[in-house]
Every structure is written in C-alpha cells, then in structure tokens.
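Worksheet for the structure shown next.
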Amino acid sequence: MTRSPSPVIVIIVVLAGVLGSAALAAQDKYTLQVPNGLAFSDFRGYENWEDVAVSQTEHGIKVVVANPTMMAAYRDGLPAEGKLFPDGSKVAKIEWTFKRNTVSPYFVNVPDALKSVSFIEKDLRRFPNTHGWAYAQFTYDPVTDTFAPNVEGAGCGYACHTTVAAKDYIFTAYPKR
C-alpha cells in the first residue's frame with residue numbers, strides 16, 4: 001500500500017521552495033553603479049565609517065559619514081577656504097524618514113524608514129571636469145528591499161555643490177565635539 005503525501009506537507013515544500021528562491025534573488029547592492037560613475041562597491045564598509053554630522057530636513061534625518069582619509073582632512077580643519085580634500089576622500093550620506101521616539105521622556109525624532117544613500121568621492125584623475133568630485137545617489141525601496149540609482153552620471157550633483165566651491169565643494173562641516 002502506497003501513501004500519498006498529505007496536502008500540508010506539499011504546501012510546506014512548495015512554500016520552502018518559493019521562500020528559498022526569493023532569498024537567492026535578493027539584491028546585491030554592491031553590483032549597482034551610476035552610469036559613467038560611482039559604484040556602490042567603491043563604498044563598501046561605509047556603514048562603519050565615522051560620523052561627520054547629522055542634520056534634519058523637513059522630511060528626513062541625514063547622517064554624513066566619511067572614510068579615514070576624509071576624516072583626517074576634517075580634523076585638519078577642512079572644509080576651509082583655500083584648503084582641498086585629498087584624493088581618496090569619500091563621504092556617504094544616509095537619509096531616513098523620521099518618527100518621534102515615543103519611549104523617550106523628552107521630545108526627540110529618530111530615524112524611521114531608509115530613503116536613500118548618496119556617495120561623493122574625490123579623484124582628480126577620474127573626474128577632472130568636476131574638480132575631482134563625483135556624486136551618486138541610490139534610492140531605497142522598502143517594499144522590494146532594493147536600491148536603484150536615481151541620477152545620471154558621476155557629474156550629477158556637481159551643479160549644486162558649486163555654491164560651496166570655496167570649501168572644496170563640500171557642504172558639511174565637522175562640528176566641534
């Protein structure tokens with residue numbers, strides 16, 4: 001006498017296969033690149049870089065972090081008129097929506113949903129037309145848990161940063177600690 005698998009076992013096996021396929025299809029953010037520009041992989045480890053500054057806009061909270069090369073320049077007094085960040089300087093800006101921390105005894109906003117990750121790198125040989133700086137922004141979609149480049153080319157962002165040319169094209173100062 002042969003037994004047929006129970007419907008419950010069949011459903012479990014099918015669900016395990018579907019979930020396993022979804023896990024295998026998860027996005028590797030480090031394969032993304034802005035056309036003719038920066039790759040996410042160029043900033044591997046940015047999650048562990050030191051904080052430069054935190055800011056809040058009308059719709060989000062942002063933290064700017066920098067690699068060791070850029071942090072050393074910040075500690076030497078940059079950005080400042082006439083001083084330039086060295087090649088190899090990299091910065092990442094991570095932006096979230098915000099929400100009120102309901103367990104805090106005082107009013108405080110904290111990060112909520114991730115919105116985007118932006119990168120800036122200085123490399124005079126690679127990006128001579130923008131004084132060595134290249135820019136990239138990747139928007140995050142929480143529904144699909146994926147990133148997508150939302151700008152075209154390494155020069156995008158340069159136009160906004162020309163307003164701070166005297167500070168080597170960097171808006172964020174390193175605040176006193």
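Fair warning: this is a prediction, and the values are worked out from it, not measured in the lab.
Contact of the W49 side chain with the V91 side chain is not registered, since no non-hydrogen atoms from C-beta on lie closer than 4.5 Å. Residues H131 and H161 have side chains not in contact (no heavy-atom distance under 4.5 Å, counting atoms from C-beta outward). Counting only heavy atoms from C-beta outward, the side chains of K99 and V110 approach each other to under 4.5 Å. Two residues are said to be in side-chain contact when any heavy atoms from C-beta on lie closer than 4.5 Å; I94 and Y46 meet this criterion. Between W133 and S89 there is a side-chain heavy-atom pair separated by less than 4.5 Å. Between T172 and K93 there is no side-chain heavy-atom pair separated by less than 4.5 Å. Within the 4.5 Å cutoff, the side chain of Y174 has no heavy atoms near those of the L78 side chain. The shortest distance between side-chain heavy atoms of M71 and V65 does not fall below 4.5 Å.
With hydrogens and angles disregarded, no donor-acceptor distance shorter than 3.5 Å links the side chain of N101 to the backbone of V108. Using a distance-only test at 3.5 Å, with no hydrogens or angles considered, no donor-acceptor pair links the side chain of Q137 to the main chain of S116. Remark: the backbone N or O of A26 is not paired with any side-chain donor or acceptor of D145 at under 3.5 angstrom.
Both F98 and V117 are part of a single hydrophobic cluster, where members link through side-chain heavy atoms under 4.5 Å apart. Connection of V64 to F171 is not established within any shared hydrophobic cluster, with ILVMFWY side chains joined at heavy-atom distances below 4.5 Å, either directly or through further cluster members. One hydrophobic cluster, built from ILVMFWY side chains closer than 4.5 Å, cannot hold both Y169 and L84; they sit in different ones.
Aromatic pair F85/Y74: centroids less than 6.0 angstrom apart. Checked against the 6.0 Å centroid threshold, Y158 and F127 do not count as a close aromatic pair.
Shortest non-hydrogen contact noted between V34 and A136 is CG2-CB, 3.2 Å. Here the shortest heavy-atom pairing between T69 and P86 reads CG2-CG, 3.7 Å. Closest heavy-atom contact between R177 and D51: NH2-O, 3.2 Å. The two residues A53 and A173 come nearest to each other via the heavy atoms CB-O, 4.0 Å.
Looking at T144 and D141, their side chains do bring a donor and an acceptor atom within 3.5 Å of each other.
Because its NZ or CZ atom is both nearer than 6.0 Å to the ring centre of F43 and within 45° of the ring axis, K90 counts as a cation-pi partner of that residue.
In summary, of the residues considered (Y30, F119, Y140), a ring pair (Phe, Tyr, Trp, His ring centres under 6.0 Å) with F147 occurs for Y140 alone.
One finds a salt bridge joining K29 and E47 here, because a Lys/Arg side-chain nitrogen approaches an Asp/Glu carboxylate oxygen to under 4.0 Å. Salt-bridge formation is detected for the pair D168/K122: a Lys NZ or Arg NE/NH1/NH2 atom is positioned less than 4.0 Å from an Asp or Glu carboxylate oxygen.
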request  = Kindly indicate, with the supporting measurements, whether the criterion side chain to side chain contact (heavy atoms under 4.5 Å, CB included) is fulfilled by D112 and W96.
outcome  = CA-CA 6 Å; D112 191 18; W96 300 268; 5.6 Å; no
